[in-house]
Protein chains: 2
Amino acid sequence: MTWEERLSDAGFRITAPRRAVIQVLQEADAPLVPRDILERGGGVHPELGLTTVYRTVALLAELELVRRVHQSDGCHAYVAATPGHRHHVICEACGRTVEFPGSDEVSALIANVERTTDYRIEEHLLQLFGLCPACRGED
Amino acid sequence: MTWEERLSDAGFRITAPRRAVIQVLQEADAPLVPRDILERGGGVHPELGLTTVYRTVALLAELELVRRVHQSDGCHAYVAATPGHRHHVICEACGRTVEFPGSDEVSALIANVERTTDYRIEEHLLQLFGLCPACRGED
DNA sequence: CTCACTGCAAAGAATTTGCACTGAA
DNA sequence: TTCAGTGCAAATTCTTTGCAGTGAG
């Protein structure tokens, strides 16, 4: 199912600005902040406004089509989400992002922490930062 | 070694505003955003300014005495850091925060991800969210 | 046809910077 | 005594809101 179908099924309209934002996010391989999306989206739909970018990413995030990632400097960038997968490795040099599945290690860790801290864990935020193969100079 | 000694050793001066910010952060058991720190710090040093709070947390974070944590709503809150420990469990109800050590599971996970993605992992951000024992109604 | 969606401009936060003054070392 | 550190006010972002016009369904 495409993003447009998902929007449509959820009762939202398919408009030119939304198409532009969707296209930009789907083509990006690194997290983008709203301003990035505006700039790139301008190539597709020049009238695009920043307000609409904010509203659209909020909508897409709610439908879990994109995910918000956190960065040490500029927080709140967005990347396309792979369904079921929840974590990101972000290249510190080029920003290129890859998702990896929530793994057994994470489950084991959570069980472990629940036992030692007596908290009941419901959510987690896990992001790894490093260098992608290309930026390590092995391209 | 106290925080003041650490500051001093690093060549920074010990001032009343810095003492106030330090005291507030050391007494807090949940992450605080700059405005929180300002309000609480006002009880200790009424002239405290928001600018100084920003500058002081940046300094403390650089010395790794506090850590910046990310929250889904208001990003960028700060908590006292336990040396060597790197992760937090934050209670979704009361905000109370507990640190837990970087464990074998995390190392295993990282090794795993390095293998499958071919990224070289250098940093990670791991935060768990859940309910602390008190907020689960078992107090 | 309707009303969800849009862009603009303005309002509101969050954060940083310029600057003269003050007090820690 | 000196200059790092401070508070204020102003400047910059970043993000949200109010509103009248417009086009998707």
Side-chain angles (χ1 to χ4, degrees), chain A residues 2-25 31-63 65-66 68-78, chain B residues 2-25 31-63 65-66 68-78:
Chain A
T2 67
W3 290 18
E4 296 194 5
E5 288 167 342
R6 291 282 294 278
L7 276 179
S8 209
D9 286 3
F12 297 99
R13 295 185 179 173
I14 308 304
T15 64
R18 284 181 176 164
R19 279 207 183 90
V21 172
I22 287 173
Q23 180 180 334
V24 166
L25 281 165
L32 300 178
V33 297
R35 191 156 297 274
D36 295 332
I37 298 172
L38 177 69
E39 279 164 20
R40 303 192 188 190
V44 186
H45 180 71
E47 306 79 2
L48 183 62
L50 189 53
T51 309
T52 301
V53 173
Y54 275 99
R55 292 193 273 227
T56 304
V57 291
L59 176 60
L60 295 175
E62 200 159 315
L63 296 177
L65 296 171
V66 300
R68 201 185 211 187
V69 299
H70 299 255
Q71 304 180 104
S72 43
D73 53 319
C75 241
H76 296 177
Y78 297 82
Chain B
T2 67
W3 290 17
E4 296 193 4
E5 288 168 341
R6 291 282 294 276
L7 277 179
S8 210
D9 287 3
F12 298 100
R13 296 183 179 174
I14 309 305
T15 63
R18 283 181 177 166
R19 278 208 184 87
V21 171
I22 287 173
Q23 181 180 334
V24 167
L25 282 165
L32 301 179
V33 298
R35 191 157 299 273
D36 296 333
I37 299 173
L38 177 70
E39 279 166 18
R40 303 192 188 190
V44 185
H45 179 71
E47 305 78 2
L48 185 60
L50 189 52
T51 308
T52 300
V53 174
Y54 275 99
R55 292 193 273 225
T56 304
V57 292
L59 177 60
L60 296 175
E62 201 160 314
L63 296 176
L65 296 170
V66 299
R68 202 185 210 186
V69 300
H70 299 255
Q71 304 180 108
S72 43
D73 53 322
C75 242
H76 297 177
Y78 297 82

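In what follows, chains carry the letters A, B, and so on, assigned in the order in which the sequence lines appear, proteins first and then strands, with residues in each chain numbered from 1.
How far CG of B/Leu59 is from CZ of B/Arg55: 11.5 Å, rounded to the nearest 0.5 Å. Rounding to the nearest 0.5 Å places CG of A/Leu65 at 7.5 Å from CD1 of A/Ile22. Here the OG1 atom belonging to A/Thr15 is positioned 7.5 Å from the NE2 atom belonging to A/His45, to the nearest 0.5 angstrom. Separating the CD atom in A/Glu39 from the CG atom in A/Leu48 is a distance of 11.0 Å, to the nearest 0.5 Å. Note: A/Ile37 CD1 to A/Tyr78 OH = 8.0 Å, rounded to the nearest 0.5 Å.
As rounded to whole Å, 12 Å separates atom P of C/dC5 from atom CG of A/Leu60. The interatomic distance linking A/Ile14 (CD1) with C/dC3 (C1') rounds to 16 Å, in whole Å. Spacing between atom CD1 of B/Ile22 and atom P of D/dG5 amounts to 12 Å, rounded to whole angstrom units. The interatomic distance linking A/Leu59 (CG) with D/dT16 (P) rounds to 14 Å, in whole Å. Atom-to-atom, CG of A/Asp36 to P of D/dT15 comes out at 11 Å; the value is rounded to the nearest Å. As a whole-Å value, the separation of B/Glu39 CD from C/dA14 P is 11 Å. Rounded to whole Å, atom C1' of C/dA13 lies 15 Å from atom CG of B/Leu38. Rounded to an integer number of Å, the gap from NE2 of A/His45 to P of C/dC5 is 15 Å.
The residue among B/Ala16 and A/Val53 whose nearest nucleotide of DNA chain C is located toward the 5' end is A/Val53.
Distances were taken from every side-chain heavy atom of B/Thr15 (C-beta onward) to each of C/dA24, D/dC14, C/dT16; the shortest belongs to C/dA24.
Formation of a donor-acceptor pair under 3.5 Å by the B/Asp36 side chain with backbone atoms of B/Val33 is found in this model. Judged by distance alone, with hydrogens and angles left aside, the side-chain atoms of B/Arg18 form a donor-acceptor pair with the main-chain N or O of B/Arg13 at under 3.5 Å.
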Protein-nucleotides 21-23 of chain D N/O pairs closer than 3.5 Å?
| unit_1 | atom_1 | unit_2 | atom_2 | d |
| --- | --- | --- | --- | --- |
| D/dG23 | N2 | A/Arg13 | NH1 | 2.9 |

Between the protein and nucleotides 8-13 of chain D, which nitrogen or oxygen pairs come in under 3.5 angstrom?
none

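Remark: A/Tyr54 is in phosphate contact with D/dT15, judged by side-chain N or O atoms under 4.0 Å from OP1 or OP2. Considering only side-chain N and O atoms, A/Arg18 lies nowhere under 4.0 angstrom from the phosphate OP1 or OP2 of D/dA24.
Within a 6.0 Å radius of CD in B/Glu62, no more than 12 heavy atoms belonging to other residues, nucleotides or ligands are found.
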**Q.** side chain to side chain contact (heavy atoms under 4.5 Å, CB included) between A/Val66 and A/Trp3, intermediate numbers included
**A.** CA-CA 10 Å; A/Val66 300; A/Trp3 290 18; 3.7 Å; yes
